[in-house]
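Since the structure comes first, as C-alpha cells, the remarks are kept for the end.
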Amino acid sequence: MKTCESESSNPFAFATCQAGAEIALKAEVARLGSDIRAAFSRPGFVTFKLPADYPLSNPFHPNSVFAQTTGRSLGSVHCDATTSGANQVWNLVQNQRVHHLHTWQRNTRKSPVNPVTPLASAIGQQLLAHLPSDRAPLPLNQIAQRGQRILDCVLVEPGEWWIGSHVANNVPSRWPGGVIHRELPAHAVSRAYLKMWAALQWSGLSITAGDRCVELGSAPGGSSQALLDRGVQVTGIDPADMDETVLAHPDFTHLKMRGAELKRRAFRAFRWLVADANVAPKHTLDTVEQIVTYPGVPIRGLLLTLKLLQWNLAAQVPTWIERIRSWGYRHVRARQLASGGQEICIAAMRHRSLKRIGNARRS
Ligand SMILES: C[S@@+](CC[C@H](N)C(=O)[O-])C[C@H]1O[C@@H](n2cnc3c(N)ncnc32)[C@H](O)[C@@H]1O
C-alpha cells in the first residue's frame, strides 16, 4: 500500500464547473482582478492562486456564472487507501471549525448530474469514521444553513482529493458541489423538469400557485410540468408537439407557433415569462425584448435559458445582463445550472420583493 501524501496549498481557491466551462470560468475570474492566477485544472475543476493579502473573510467569487461552487483550498491528498487518506484530510483541516462535510465528484463529460455519487458517499462515510475524537459529529452531504462552514472534499481523480472549505451564503453554496439536485419525478416527460425546478430554487422567484406564466419553447413539456406541479397556470408557445400528458393538464394551454408570432398584446395576460427555445441567445433576447417592452405587458420576472452555441459566447454574458436591465428588470443574475447543458440561465426581477424567502428543499 502506498503511503498518502498531502501538500499544503494556501492561499489558493478552488472552483468546480461544468466540464468544458473551464476557460469561461477562468476568463470570468480574470475579470475580478489581475492578481488572481489560474493554477491546477482538470475538466470540471479549477484552482486559483490568490494574492498573499487576499482577505480571508472574502468569499471567493460567490456570484460567478460558471462556478458551481467555490471555496478556500486547504490542500490535496493523494492516496490509494481511503482510510489513510482520511487521516490526511483531518490533518489539513487542523482546528478549523466546520458544520458540514460535503464529498462529491468533479463533473466530467460522462458523469451524472448528481455529483454525490455512490463512491463519493462511501468516501464521505470513511472520512467520518476517522473523525478526530475531539470533533463533534458532522452531517454528510446535507443542505447547509446560511452562515454555516462546509468542509469540501472533491474527488478529482481516483486517489486524488482536493480539500477546501466555504461558508454557505447563496442557495447553491448550501448544496454538495453547489449542485441543486433532486431525482427526476416519474411523471416528468423530459429532463427539462429538473432544469426548471433547479432554476426556481436558485433564483427564488416567487412564482406561486394561480400565477399565469408563459413559456417560449415549451415542447415536449418537462419545464411546464415543473411549473404546473407548483399550481401555476402555464401557456406554452412552441411550433413542436407537446407531450399528451402535458396537453391534458387542465392548467396548460398550448399555442402551436413561434414566440414572435403571437400578438404582443396577448402577453398582457401573464405575470412571468420563461424561455427555453433552442435558438441563438440574440434571437431569444430580441423576442423577449419585443414582448416585455410592449405597453401594458406586466411581466414581472423572467427565467431565460440562453444557449451557448459556442463557448466564446460566454464573454457576452455581462452585455446580455445589461441589456435585460435596460428593459426595467433591476435585479438580474446568471448561472450555469448543473442540470442544463451548454447554456446559462438568467433570472430577472423588476423588484427584489419578487424573490421568495425560504429554505432550499430537496423536493
Ligand atoms: C430545448 S427544447 C425545449 C424543452 C422544453 N422546455 C421542455 O421542458 O421540454 C427547445 C424548443 O424550442 C422550440 N423553439 C425553437 N424556436 C422557437 C421559437 N422561435 N418560438 C418558440 N419555440 C421555439 C423548439 O421547437 C423546441 O421544442
Side-chain angles (χ1 to χ4, degrees), residues 18 20 113 180-203 205 207 211-249 251-267 269-270 272-294 297 299 301-310 313 320 324 334-348:
Q18 194 181 94
V113 169
I180 302 168
H181 178 74
R182 63 171 286 184
E183 293 306 319
L184 188 67
H187 69 286
V189 300
S190 67
R191 293 196 67 81
Y193 186 105
L194 289 187
K195 198 164 78 172
M196 174 55 69
W197 175 82
L200 291 168
Q201 297 281 328
W202 159 68
S203 65
L205 288 187
I207 306 180
D211 283 356
R212 297 194 68 185
C213 179
V214 61
E215 179 174 18
L216 309 179
S218 56
S223 55
S224 288
Q225 284 182 304
L227 291 163
L228 291 166
D229 285 354
R230 275 193 170 213
V232 176
Q233 296 184 35
V234 183
T235 296
I237 303 182
D238 198 309
D241 290 335
M242 299 296 300
D243 187 275
E244 291 293 325
T245 55
V246 183
L247 278 180
H249 196 292
D251 290 335
F252 183 81
T253 307
H254 184 203
L255 300 177
K256 203 163 190 240
M257 57 175 68
R258 294 183 190 282
E261 286 167 5
L262 184 63
K263 291 226 171 343
R264 285 184 290 161
R265 63 170 179 271
F267 288 94
F270 302 106
W272 306 98
L273 181 149
V274 304
D276 186 21
N278 49 1
V279 294
K282 183 178 180 316
H283 189 288
T284 298
L285 292 169
D286 288 349
T287 306
V288 174
E289 179 170 10
Q290 291 287 312
I291 294 167
V292 300
T293 57
Y294 190 75
V297 169
I299 290 174
L302 313 169
L303 270 182
L304 310 180
T305 296
L306 299 181
K307 311 282 178 189
L308 300 178
L309 304 169
Q310 307 93 27
L313 282 172
W320 297 338
I324 294 169
R335 183 171 172 89
Q336 184 165 49
L337 295 169
S339 43
Q342 192 170 316
E343 60 193 29
I344 59 160
C345 178
I346 295 193

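For ligands, and for the atoms within them, numbers begin at 1 and follow the listed sequence. In this chain, numbering begins with 1 at the start of the sequence shown. Values reported hereafter were calculated over all heavy atoms of this structure, with side chains retained and with hydrogens, waters and symmetry mates removed.
- Summarising the contacts of atom 7 (C) of ligand 1 with Gly341, Ala188, Gly222, the nearest heavy atom is found in Gly222.
- Not a single donor-acceptor pair under 3.5 Å links the side chain of Glu215 to the backbone N or O of Asp276.
- At a heavy-atom distance under 4.0 Å, only side-chain atoms of Val279, from C-beta outward, approach ligand 1.
- By the 3.5 Å distance cut-off applied to N or O atoms, Asp276 is counted among the residues near ligand 1.
- Contacts with ligand 1 closer than 4.0 Å are made by side-chain heavy atoms of Pro239 only, the backbone lying farther away.
- When only interatomic distances are considered, the shortest N/O to N/O separation between Gly259 and ligand 1 falls below 3.5 Å.
- Residue-environment remark: CD (Glu261) exceeds the threshold of 12 foreign heavy atoms within 6.0 Å.
- With respect to atom 15 (C) of ligand 1, the closest heavy atom belonging to the protein is Asn278 OD1, 3.1 Å.
- Heavy atoms of Glu215 found under 4.0 angstrom from ligand 1 belong exclusively to the side chain.
- Proximity of a side-chain donor or acceptor of Gln336 to a complementary backbone N or O of Glu343 within less than 3.5 Å is detected.
- Thr284 has its side chain out of reach of Thr305: every pair of non-hydrogen atoms, C-beta onward, lies at least 4.5 Å apart.
- The proximity of Val189 to ligand 1, defined as any non-hydrogen pair under 4.0 Å, does not occur for either the backbone or the side chain.
- With respect to atom 25 (O) of ligand 1, the closest heavy atom belonging to the protein is Asp238 OD1, 2.7 Å.
- The distance criterion of under 3.5 Å between nitrogen or oxygen atoms is met by Gly221 with respect to ligand 1.
- In terms of protein heavy-atom proximity, atom 8 (O) of ligand 1 is nearest to Ser223 N, 2.8 Å.
- For the pair Arg212 and Asp251, the salt-bridge criterion is not met [side-chain N within less than 4.0 Å of a carboxylate O].
- Proximity of Ala277 to ligand 1, defined as any heavy-atom pair under 4.0 Å, is shared by backbone and side chain alike.
- Counting only heavy atoms of the protein, atom 4 (C) of ligand 1 lies nearest to Ala219 O, 3.2 Å.
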